[in-house]
Amino acid sequence: MKEVRVRFAPSPTGFLHVGGARTALFNWLFARHNGGSFIIRIEDTDEQRSSPEYEESLLEDLRWLGLDWDEGPVTGGDHGPYRQTERVAIYKEYAGELVKRGAAFPCFCTDEELEIKRESMRAEGKPPQYDGTCRSLGEDAIRKKREDGIPESIRFEVERGIDRKIDDIARGDVSFPAGMVGDFVILRSNGLPTYNFAAAIDDALMKITHVIRGAEHLSNTLRQVMIYEALDLPSPRFAHIPLILGSDRTKLSKRHGAPNIRDYREKGYPAEALVNYLAFLGWATKGEKEILSVGELVEEFQLDRVSDSPSIFDEAKLNWVSAQHIRAGGSGMYFKDAKVFFPGDFRERYSEEELEKIFEISSENLSSFDRLPVEAASFKPGKIVYDDEAAAVLGGTKELIAGFKNRFELAEKWDTDHIRGIIKDTGKALGIKGKGLYMPLRAAVTGLSHGPDLVMIILIRGREDIVDLLSGALEAAG
Ligand code: GLU
């Protein structure tokens with residue numbers, strides 16, 4: 001196989017969303033698996049909606065996900081420029097070539113005229129396609145229209161009556177009956193290319209070998225293949241990856257609360273967890289394993305395992321995948337990223353080492369770092385607020401709490417063995433065991449009825465804090 005060259009071609013009209021990131025990831029995995037090149041091309045020909053800020057944010061999110069590229073804007077490369085607005089002269093040249101070959105024609109129909117015609121076709125129950133008005137204008141008619149200053153676009157002339165087929169790597173042969181698309185604009189009257197034209201030309205000139213993109217682009221692929229044929233350019237191979245649906249089985253969108261990659265990053269999901277989850281949206285490994293490192297994904301990724309049915313975006317599953325990564329990576333891997341998610345009072349109250357221990361203890365089931373304040377609630381500094389259950393547990397335990405307080409005050413040493421010893425001794429002295437012993441103590445020092453290992457909480461909170469909390473609880477235990 002010749003060197004694999006794939007691309008991700010975002011339009012800088014918004015933040016990188018789940019669908020775009022999945023497309024970028026599949027391309028990146030394919031390139032890295034095959035030792036090929038991953039290219040970024042910015043499709044910014046929609047002047048109104050594109051912005052440099054969005055471009056920067058897309059690149060930043062790709063970097064954060066770890067999807068590095070070999071050629072692209074800023075990075076450069078041998079097939080640039082990599083921003084479509086910087087390639088306008090190239091599109092003009094190829095549009096001219098198509099006109100010369102008789103495969104495209106100047107079109108002077110105005111938007112209003114086209115809309116009226118489309119309306120009447122719809123009314124007759126026909127698909128609203130270009131009716132061919134400017135297909136065979138003679139030279140004189142064209143000159144006259146130009147003299148009259150009528151805006152001119154270039155339209156591709158679709159050969160009529162030909163059924164077509166695309167050999168798709170992911171879904172096999174895809175057939176298109178003749179008449180599915182009418183003559184389409186390739187160069188607008190403002191001189192800018194349409195998406196289909198620019199993408200086709202760029203993929204050819206950038207020597208893209210495989211175009212991997214969402215199934216919603218299938219009918220665009222049909223148009224792009226026609227352009228290659230008309231220009232005698234080699235066509236890349238295509239792999240259309242399944243749509244991503246929300247839980248209600250409609251195309252995933254903002255309505256589903258489908259966040260941008262940036263939102264997940266801000267919530268503190270590890271990038272490799274997101275990458276792991278996104279890889280399984282429309283693709284599967286040979287084995288059963290669901291938690292894979294990026295290296296393992298690269299090793300395993302092949303297009304023949306791309307599914308052809310839509311996949312459902314399931315945030316609960318993402319949370320599960322993420323929690324597995326966080327647990328496996330532990331504080332060694334994640335504390336550095338996680339610590340900023342501790343509320344300010346935690347960061348003031350605890351040392352770096354203590355925070356790291358709190359992170360370790362609280363990350364058993366942590367799916368994103370923004371949940372740390374909840375998972376680490378047992379360590380909350382300052383005055384304790386007892387939840388209802390904790391308040392109920394404390395009722396009538398004054399003697400026990402006083403016993404704990406006195407013994408902790410006099411503890412010889414503050415380590416797990418001594419803390420355990422004190423709890424046991426207090427219980428023995430009062431003839432209390434098990435839950436009756438631990439639950440009031442937990443309620444007293446955390447205000448909660450559930451939480452991580454109590455001995456560790458007491459150890460990290462320290463003697464002073466524990467004695468204070470027990471004094472405070474004496475009142476509540478009354
Ligand atoms: N700019 C297009 C998009 O964002 C690219 C589609 C393609 O990959 O060709 O949908």
Side-chain angles (χ1 to χ4, degrees), residues 4-31 36-52 54-59 61-62 65 67 69 71-73 79 81-88 91 166 168-171 174 181 184-186 188 192-228 233 235-244 251-254 258 260-261 278 281-282 303 306:
V4 161
R5 288 177 58 82
V6 290
R7 60 14 169 228
F8 176 54
S11 303
T13 54
F15 292 115
L16 185 65
H17 54 77
V18 168
R22 196 269 311 248
T23 300
L25 175 63
F26 278 27
N27 279 282
W28 183 85
L29 288 172
F30 186 68
S37 295
F38 177 59
I39 293 138
I40 301 287
R41 181 173 73 227
I42 300 294
E43 303 207 325
D44 56 350
T45 56
D46 184 338
E47 283 184 307
Q48 250 117 59
R49 296 174 56 227
S50 299
S51 85
Y54 282 134
E55 175 185 321
E56 187 43 46
S57 81
L58 287 163
L59 298 180
D61 290 345
L62 289 171
L65 284 169
L67 309 185
W69 54 94
E71 296 170 32
H79 303 80
Y82 295 90
R83 237 178 245 114
Q84 287 187 328
T85 47
E86 294 167 23
R87 302 173 63 82
V88 172
Y91 309 129
I166 295 167
D168 188 289
I169 305 175
R171 40 183 72 205
V174 183
V181 297
F184 56 93
V185 172
I186 54 173
R188 296 197 176 87
L192 290 175
T194 55
Y195 154 70
N196 274 307
F197 186 53
I201 299 298
D202 289 346
D203 286 338
L205 299 185
M206 292 180 180
K207 305 218 171 338
I208 300 302
T209 54
H210 299 77
V211 170
I212 305 169
R213 62 184 169 208
E216 68 273 23
H217 286 289
L218 266 166
S219 67
N220 289 326
T221 300
L222 173 64
R223 293 180 176 87
Q224 293 171 21
V225 167
M226 292 176 185
I227 294 169
Y228 292 130
L233 287 171
S235 167
R237 296 208 58 198
F238 295 92
H240 291 90
I241 55 184
L243 292 179
I244 304 176
K251 193 169 182 278
L252 188 70
S253 72
K254 279 270 167 205
N260 296 314
I261 295 304
L278 291 175
L281 284 179
L303 286 175
V306 167

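Just so you know, these numbers come straight off a predicted model, no measurement behind them. Just follow the structure's listing: the first ligand is 1, and inside any ligand the first atom is 1.
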Exercise. Would you call R41 and E71 a salt bridge, using N to O less than 4.0 angstrom?
Worked result: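 No salt bridge links R41 with E71.
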
Exercise. For the rings on F26 and H210, is their centre-to-centre separation under 6.0 Å?
Worked result: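 No, the ring centres sit 6.0 Å or more apart.
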
Exercise. Any side-chain heavy atom of I39 sitting closer than 4.5 Å to one from I208?
Worked result: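 A side-chain contact exists here, since the closest heavy-atom pair is under 4.5 Å.
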
Problem set entry | Exercise: do Y91 and D202 side chains pair donor with acceptor under 3.5 Å |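 Yes, D202 and Y91 have a side-chain donor paired with an acceptor closer than 3.5 Å.
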
Problem set entry | Residue shell around ligand 1, heavy atom under 4.0 angstrom |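 Only R7, A9, S11, E43, Y195, R213, H217 have heavy atoms that fall under 4.0 Å of ligand 1, ordered by chain and number.
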
Problem set entry | Straight-line distance of T85 OG1 to D44 CG, nearest 0.5 Å |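 Spacing of OG1 (T85) from CG (D44) equals 3.5 Å.
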
Exercise. If you round to the nearest 0.5 Å, how far is CD of Q84 from CD of E43?
Worked result: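 If we round to the nearest 0.5 Å, E43:CD and Q84:CD are 4.0 Å apart.
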
